[in-house]
2 protein chains.
Amino acid sequence: MESNLAVSALAALAHEGRLAIYRLLVVAGPDGLTVGDIGDKLKMPGATLSFHLSQLKHAGLVAARRDGRRLIQTADFARINGLVAYLTENCCGGQACAPVCKPATNKNRRAPKAKASNG
Amino acid sequence: MESNLAVSALAALAHEGRLAIYRLLVVAGPDGLTVGDIGDKLKMPGATLSFHLSQLKHAGLVAARRDGRRLIQTADFARINGLVAYLTENCCGGQACAPVCKPATNKNRRAPKAKASNG
DNA sequence: TCCATATTTCTAGTATATTCGAAATATATA
DNA sequence: TATATATTTCGAATATACTAGAAATATGGA
């Protein structure tokens with residue numbers, strides 16, 4: 001991932017309304033949600049929602065497919081994975097370190113403390 | 001993590017210069033870098049760098065400790081871990097899904113394709 | 001074709017972020 | 001105290017983003 005792609009993804013998520021939209025789509029998974037569904041859940045005016053969806057699409061975080069009159073929006077998980085990888089790239093100079101590098105496992109932590117905070 | 005904390009972390013990273021600063025600190029790990037080190041590496045004027053560091057600190061992504069005249073800046077890995085968890089929370093409604101949920105392992109992928117892109 | 005539903009584009013008023021030189025502050029050492 | 005180094009704060013010019021009503025576009029069905 002290049003810097004400007006990462007910046008545009010981060011900027012797209014750096015807004016309360018868009019973050020809420022994105023998180024709804026993450027939970028919805030591959031089935032997605034229509035624009036109307038999202039508007040209902042978030043009580044957001046159509047024009048505002050459309051503007052924010054276009055920002056998320058432009059950043060590659062959301063994709064849409066048509067289903068009749070409706071447009072079904074889905075989160076693009078590849079992009080968020082790439083973003084997280086970019087943010088944590090070569091963490092601590094490449095040494096084995098705390099779970100920022102390996103978020104899913106409890107292996108290879110440096111210290112057996114309750115809260116993980118070092119890198 | 002609450003929405004406004006996540007938004008402030010994302011907004012802090014959503015700038016080319018600040019993202020570059022943050023990524024330098026991720027690589028530097030717990031040893032950190034001084035403000036001067038960062039300015040030299042990124043060729044950024046002191047006032048501009050100070051402004052951006054304050055944004056990153058305000059968002060909880062960077063911390064500083066004093067070492068004589070110098071201030072050593074470090075990335076706060078707990079915050080980025082929390083942010084990633086917030087972004088991917090309850091992904092796909094909680095079902096086992098692609099590696100956005102479990103980025104460190106190759107287990108529990110839905111399909112054995114080369115590129116992971118579904119959630 | 002005509003109408004209803006779903007969504008986007010237009011528009012303009014309002015608010016917030018970025019930049020960096022100059023001056024101020026903090027610390028160390030003689 | 002005087003001086004040098006390290007970093008932050010001030011200030012003002014400049015640029016960009018947000019909001020949402022109204023109008024326009026796209027699709028499906030009678």
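Just so you know, these numbers use all the heavy atoms, side chains as well, and skip hydrogens, waters and symmetry mates. The sequence lines fix the lettering, A, B, ..., with proteins before strands; numbering per chain opens at 1.
- Nearest heavy-atom pair, A:V26 versus A:F77, reported as atom, atom and distance to 0.1 Å: O-CZ, 3.8 Å.
- The shortest non-hydrogen separation linking B:A64 to B:K57 is CB-CE, 3.9 Å.
- The interatomic distance linking B:L71 (CG) with D:dT9 (P) rounds to 10 Å, in whole Å.
- Counting only heavy atoms from C-beta outward, the side chains of A:D76 and A:I80 never approach each other to under 4.5 Å.
- Residue contacts for B:S54: at a heavy-atom cut-off of 4.0 Å it reaches no nucleic acid atom on any strand shown.
- In this structure, A:L56 places its CG atom 14 Å from P of D:dA17, rounding to the nearest Å.
- End-to-end axis angle for the helix from C:dT1-D:dA30 to C:dA30-D:dT1, using five pairs per end and rounding to 10°, comes out at 30°.
- With rounding to whole Å, B:D37 atom CG is found 13 Å from D:dT7 atom C1'.
- Sorted by first and then second residue, the pairs that involve residues 23-52 of chain A and meet ring pair (Phe, Tyr, Trp, His ring centres under 6.0 Å), not counting sequence neighbours, are A:H15-A:H52.
- The line from CG of B:L24 to CG of B:L33 is 6.0 Å long, rounded to the nearest 0.5 Å.
- Taking B:A20 as the reference, B:L42 meet the side-chain contact (heavy atoms from CB on, under 4.5 Å) condition, with sequence neighbours excluded.
- Of all the residues in residues 42-52 of chain B, B:G46, B:A47, B:S50 reach under 4.0 Å from DNA chain D with at least one non-hydrogen atom.
- Within the 4.5 Å cutoff, side-chain heavy atoms of A:R79 are placed close to those of A:L5.
- For B:I21 and C:dT18, the CD1 to C1' distance is 13 Å, given to the nearest whole Å.
- Taking only side-chain atoms of B:R18, from C-beta outward, the nucleotide of C:dT18, D:dT7, C:dT7 with the closest atom is C:dT18.
- Contact check, A:Q55 against D:dC18: a side-chain N or O comes under 4.0 Å of OP1 or OP2.
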Polar pairs (N or O, both sides) under 3.5 Å between protein and nucleotides 24-30 of chain D?
none

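- Taking atom CG of A:L53 as the reference point, atom C1' of C:dT9 lies 14 Å away to the nearest angstrom.
- Residues B:L53 and B:I21 are in side-chain contact: their nearest non-hydrogen atoms beyond the backbone lie under 4.5 Å apart.
- Using a 4.5 Å cut-off on side-chain heavy atoms (C-beta onward), B:L25 and B:I38 make contact.
- The distance from atom NE2 of A:H15 to atom C1' of D:dT16 is 13 Å, rounded to the nearest whole Å.
- Rounded to an integer number of Å, the gap from A:L33 CG to C:dT7 C1' is 15 Å.
- Rounded to whole Å, the distance from CD1 on A:I72 to P on C:dT8 is 13 Å.
- Sorted by first and then second residue, the salt bridge (Lys or Arg N to Asp or Glu O under 4.0 Å) pairs with a member in residues 5-32 of chain B read A:E89-B:R23; sequence neighbours excluded.
- A donor-acceptor contact shorter than 3.5 Å is absent between the side chain of A:T88 and the backbone of A:C91.
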